[in-house]
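As structure tokens, the structure follows; a few thoughts come after it.
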Amino acid sequence: MLPASLAAIVRDSALWAGGDAQLPALTADDRAAAEGALAVYAAAPHGSTPQRIAAFVGTAAAVLPRRRDTEGEARMRLAVYETQLADIDSDVLAAAFDEAVRTLTFFPTIAEIRAIAGRLPAPPRVWIAWRLRQLLRAAPAAPVIDPVQPEEVAELLNRLSSDDMATPARVQAKSWSRSMPSYEDYLGLGLSEDEALEQWEEHRRIMAGEAAGDAARDAA
């Protein structure tokens with residue numbers, strides 16, 4: 001039995017009239033219920049047994065005019081009907097033979113029975129299964145994202161602060177060493193010539209010291 005929430009979606013005619021573009025996303029529980037219902041539907045018996053088909057044929061033969069066959073021909077004809085109608089579910093096939101008895105004036109051919117069965121409304125189990133498949137196809141399960149655990153955050157922070165990883169300061173120093181501001185750049189900041197020279201020399205000493213330290217660490 002479908003949960004009330006899923007059953008309401010499946011049986012909402014207005015919702016299905018607009019196509020699958022309007023289909024809602026399923027909750028995890030409804031999705032599991034839909035998959036379970038489809039598994040039950042797939043495992044259920046389908047088609048008609050030879051015994052059931054023989055009963056339908058016998059009833060129709062009793063009330064509709066038919067060709068007179070020998071006993072052997074009748075057995076062969078029944079065997080063909082049993083083979084060619086076996087894929088139609090029993091309740092659908094019963095309704096098709098009932099319709100044939102009501103509307104035809106001669107014993108129906110296999111083609112006539114199949115045509116009548118194809119025009120009959122689908123049983124509820126068939127259209128419910130179809131709608132469940134559409135729901136699962138149109139609303140795939142949302143990916144499960146594992147939340148970050150506190151211990152994982154702590155481990156990441158420890159790694160970022162360890163000696164085997166470059167700190168932002170070192171990264172910035174290496175970047176500046178490749179494009180160190182010139183003396184003219186400092187003048188452009190509005191400094192006097194003496195102040196610009198002092199700042200530029202101080203910067204150069206810092207960069208040279210960090211470059212030497214980096215080289216020593218890389219060599220180690």
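Fair warning: this is a prediction, and the values are worked out from it, not measured in the lab.
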When rounded to the nearest 0.5 angstrom, what is the spacing between CD1 in I113 and CD1 in I88? 8.0 Å

Kindly work out whether a path of hydrophobic side-chain contacts (I/L/V/M/F/W/Y, heavy atoms less than 4.5 Å apart) joins L132 to V126. no

In terms of side-chain geometry, is the basic nitrogen of R77 or E73 positioned less than 4.0 Å from the acidic oxygen of its partner? no

Atom pair OG1 (T49) and CG (L93), whose distance is rounded to the nearest 0.5 Å: 10.0 Å

Kindly compute the distance separating CZ (R131) from CG (L23), expressed to the nearest 0.5 Å. 9.5 Å

What residues, two or more places apart in sequence or in another chain, satisfy salt bridge (charged side-chain N to carboxylate O under 4.0 Å, His left out) together with R119? none

Within this structure, what is the OG-CD distance for the pair S90 and Q51, rounded to the nearest 0.5 Å? 11.0 Å

Applying side-chain contact (heavy atoms from CB on, under 4.5 Å), can you list everything that pairs with A94, at least two apart in sequence or on another chain? F56

Restricting to non-hydrogen atoms, name the atom on L64 and the atom on P108 that form the minimum distance, rounded to 0.1 Å. CD1-CD, 3.7 Å

Flag the pair P3 / D30 as yes when at least one side-chain heavy-atom distance between them is below 4.5 Å, and no otherwise. yes

Using atom types as modelled and distance alone, determine if a side-chain donor or acceptor of R31 lies under 3.5 Å from a backbone N or O of L26. no

Residue pair F97 / I116, side-chain heavy-atom distance below 4.5 Å: no

Quick check: is L120 connected to W127 through a chain of hydrophobic side chains (ILVMFWY, heavy atoms under 4.5 Å apart)? no

Heavy atoms, side chains only, cut-off 4.5 Å: are R125 and Y41 in contact? yes

Looking at W16 and R11, would you say the former's side chain and the latter's main chain have a donor-acceptor pair under 3.5 Å? no

Kindly compute the distance separating CD1 (I53) from CD (Q84), expressed to the nearest 0.5 Å. 10.0 Å

Note, L6 side chain near D29 side chain (heavy atom, < 4.5 Å): no

same_hphob_cluster(W130, L15) at 4.5 Å side-chain heavy-atom cutoff: yes

Linking I/L/V/M/F/W/Y whenever any side-chain heavy atoms sit under 4.5 Å apart, do Y81 and M76 land together? no

Between E35 (side chain only) and A32 (backbone N and O only), is there a donor and an acceptor less than 3.5 Å apart? no

Taking 4.0 angstrom as the limit, do D89 and R52 come out as a salt bridge? no

If you define the side chain from C-beta out and look only at heavy atoms, does anything of V92 sit under 4.5 Å from S48? no

Inter-residue atom distance E82.CD - I110.CD1, 0.5 Å rounding: 10.5 Å

Evaluate the side-chain proximity of L136 to L38: yes if any heavy-atom separation is below 4.5 Å, no if none is. yes

Partners meeting ring-ring contact (aromatic ring centres under 6.0 Å, His included) with F106 (sequence neighbours left out): none

Is there side-chain contact between R114 and D87, with heavy atoms separated by less than 4.5 Å? yes

Closest heavy-atom pair, F107 versus A60, reported as atoms and distance to 0.1 Å, is CE1-CB, 3.7 Å

